Amino acid sequence: MKVRKAVIPAAGLGTRVLPATKSMPKEMLPIVDKPAIQYIVEEAVRSGITDILVITNRGKGLIEDHFDRAPELEAKLTGANKEYMYHEVVDIARLANIYFVRQKETKGLGHAVSCARSFVGDEPFAVLYGDDVIIGEDPACAQLIRAYEEFGKGVVGVKEVSEEAIQKYSSLKVEPVRERVFHCTDMVEKPSKEEIMSLYSILGRCVLPPDIFDLIDATPPGAGGEIQLTDAMCALARSQGMIAVDFTGKRYDMGNKLGIMQASVEVALQHPEIGEDFRAYLKELAASL
């Protein structure tokens, strides 16, 4: 079955980037001239996704507004003969069929994904974490979808990380299938040193069968007292096996101050409008450091 639906959990509180996120959702923090979540939605659309559900919570109305039409702004841009800017603004609302649902309590990523059950129905679906912007020529989500369609199993997007970093993420038990593709038969969230199975960790993307919802329902609270999606995927990996794809593309952690700055600088360097001037500015700045 084709993967045409995606879920973007965007209900986190953004405590690692306070005070910026006190009144603004971290998903709306800009990377040059677009909010982080727009990069994620565009990646999903480039991957063939047609229907997207964004999981939000109280105080995240700005995300909904961003993907809505803005008649007053559109009229002003038309009147000022700013056609290019007009089309940029209008096209945001036409990217895909975008829906929103609120997670009433922040009880973990697994609980957030479970809020998508009626939206997903009995179809496979992609999950694109709201913290993770991945930029590359071949969309990371598309790489996972191709693996799902080839193997017919749940797929996780992975990267090799340091031993220190993996203790903050997850560790996977993997066996190579071919270059950048692995079988995954077990995983653990926030492992201790003794629990590390490999240095491959799930970072920001997965494609899941609808069976995951029953597994989430059966998952007790785990790390941090929250219902962890990794725990439900662990049950899936142990019972059916999963595929892990070491995706290409650069990942930026938008829940982290350094990640935000790296994304802004590296995207600015490639930006058609300011890239050349920004590169010259950086060279001048670097010479004075």
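On a predicted model such as this, the values are computed, not experimentally measured, just so you know.
Side-chain contact between Met233 and Leu208 is present, with at least one heavy-atom pair separated by less than 4.5 Å. Using a 4.5 Å cut-off on side-chain heavy atoms (C-beta onward), Asp131 and Arg16 make contact. The shortest distance between side-chain heavy atoms of Thr78 and Glu83 falls below 4.5 Å. The shortest side-chain heavy-atom distance between Met242 and Val155 does not fall under the 4.5 Å cut-off. Residues Pro124 and Tyr148 form a side-chain contact, since some pair of their non-hydrogen atoms from C-beta on lies under 4.5 Å apart. For the pair Val161/Leu203, a side-chain contact is recorded, criterion being any heavy-atom separation below 4.5 Å from C-beta on. Contact annotation: the side chain of Leu95 approaches that of Glu42 to within less than 4.5 Å [non-hydrogen atoms, C-beta and beyond]. Between Ile8 and Ile55 the shortest side-chain heavy-atom distance does not fall below 4.5 Å.
For Glu64 (side chain) and Gly61 (main-chain N/O), no donor-acceptor pair under 3.5 Å exists by modelled atom type. Between the side chain of Tyr39 and the backbone N or O of Ile31 there is at least one donor-acceptor pair closer than 3.5 Å. Between the side chain of Ser201 and the backbone N or O of Ser170 there is at least one donor-acceptor pair closer than 3.5 Å. Under the 3.5 Å distance criterion, the side-chain polar atoms of Gln167 are matched with a main-chain donor or acceptor of Glu163. Looking only at distances, a side-chain donor or acceptor of Ser171 sits under 3.5 Å from a matching main-chain atom of Met197. The closest donor-acceptor contact from the side chain of Arg180 to the backbone of Asp246 lies under 3.5 Å. Checking side-chain atoms of Ser47 against main-chain N and O of Ile49 turns up no donor-acceptor pair under 3.5 Å. Within the 3.5 Å criterion, the main-chain N or O of Met24 finds no donor-acceptor partner in the side chain of Thr21. Between the side chain of Gln228 and the backbone N or O of Gly110 there is no donor-acceptor pair closer than 3.5 Å. Remark: side-chain polar atoms of Lys173 are not paired, donor with acceptor, to backbone N or O of Cys184 under 3.5 angstrom.
Taken to the nearest 0.5 Å, the OG1 atom of Thr219 stands 7.5 Å off from the CD1 atom of Ile227. If you take OG on Ser198 and CE on Met187, they are separated by 10.0 Å, rounding to the nearest 0.5 Å. For the atom pair CD (Gln262) and CG (Leu258), the distance works out to 4.0 Å, reported to the nearest 0.5 Å. Between the OG atom of Ser239 and the CG atom of Leu215 there is a distance of 6.0 Å, given to the nearest 0.5 Å.
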- Task: Test side chain to side chain contact (heavy atoms under 4.5 Å, CB included) on Phe151 and Val181 and set out the steps.
- Result: CA-CA 11 Å; Phe151 294 97; Val181 178; 4.1 Å; yes
- Task: Using the salt bridge (Lys or Arg N to Asp or Glu O under 4.0 Å) rule, take Arg251 and Glu43 through it: C-alpha gap first, then chi angles, then the decisive distance, then the call.
- Result: CA-CA 12 Å; Arg251 169 192 172 260; Glu43 178 195 328; over 6 Å; no
- Please test Lys26 against Ile260 for side chain to side chain contact (heavy atoms under 4.5 Å, CB included), starting from the C-alpha separation and ending with a verdict. CA-CA 10 Å; Lys26 66 178 182 295; Ile260 292 165; over 6 Å; no
- Query: Could you walk me through whether Ile134 and Lys250 pass the side chain to side chain contact (heavy atoms under 4.5 Å, CB included) check?
  - Reply: CA-CA 5 Å; Ile134 301 171; Lys250 180 72 180 283; over 6 Å; no
- Show the numbers, then the answer: is there a side chain to side chain contact (heavy atoms under 4.5 Å, CB included) between Gln38 and Met28? CA-CA 8 Å; Gln38 186 174 333; Met28 289 299 294; over 6 Å; no
- Step by step, would you call Gln143 with Thr248 a side-chain hydrogen bond (donor to acceptor under 3.5 Å, both in side chains)? CA-CA 8 Å; Gln143 296 172 51; Thr248 60; 3.0 Å; yes
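Val188 and Ile202 are not part of a single hydrophobic cluster, where members link through side-chain heavy atoms under 4.5 Å apart. In this structure, Tyr99 is a member of the same hydrophobic cluster as Tyr129, with clusters built from ILVMFWY side-chain heavy atoms closer than 4.5 Å. Val32 is not connected to Met261 by any chain of hydrophobic side-chain contacts under 4.5 Å among Ile, Leu, Val, Met, Phe, Trp and Tyr, and they are in different clusters. Cluster annotation: Leu53 and Leu109 are assigned to the same hydrophobic cluster (Ile/Leu/Val/Met/Phe/Trp/Tyr, side-chain heavy-atom contacts under 4.5 Å, transitive). By the rule that hydrophobic residues join a cluster once side-chain heavy atoms approach within less than 4.5 Å of another member, Ile63 and Val45 end up as members of one cluster.
Using a cutoff of 4.0 Å between basic side-chain nitrogens and carboxylate oxygens, Arg117 and Asp122 are not scored as salt-bridged. Between Glu226 and Lys107 no salt bridge is recorded (no basic side-chain N to carboxylate O distance below 4.0 Å). Looking at Asp132 and Arg205, no side-chain N of the basic residue comes within less than 4.0 Å of a carboxylate O on the acidic one, giving no salt bridge.
Ala11 and Glu27 get closest at one heavy-atom pair: N-OE2, 4.3 Å. Residue Ala244 comes nearest to Leu172 through the heavy atom pair CB-CD2, 4.3 Å, listed as atom of the first residue, atom of the second, then distance. For the pair Arg46 and Asp138, the tightest heavy-atom approach, listed with the atom from each and the gap, is NH2-N, 4.5 Å. Nearest approach of Gly130 to Ile40, heavy atoms of both residues: O-CD1, 3.5 Å. Of all heavy-atom pairs between Val133 and Ala36, the closest is CG2-O, 3.7 Å. For the pair Val54 and Ala10, the tightest heavy-atom approach, listed with the atom from each and the gap, is CG1-CB, 4.0 Å.
Side-chain polar atoms of His111 and Gln103 form a donor-acceptor pair below 3.5 angstrom. Donor-acceptor pairing under 3.5 Å is recorded for the side chains of Tyr252 and Glu266.
At most 12 heavy atoms of other shown residues, nucleotides or ligands fall within 6.0 angstrom of atom CD in Glu276. With a 6.0 Å radius and a threshold of 12 heavy atoms from other residues, nucleotides or ligands, Lys34 has its NZ atom above the threshold. Other residues, nucleotides and ligands contribute only 12 or fewer heavy atoms inside 6.0 Å of the CD atom of Glu175.
In this structure, Lys5 is positioned above the aromatic face of Phe119, its NZ or CZ under 6.0 Å from the six-membered ring centre and within 45° of the axis. Under the 6.0 Å distance and 45° angle rule, Lys159 counts as a cation-pi partner of Phe247.
Phe125 has its ring centre less than 6.0 Å from the ring centre of Phe213.
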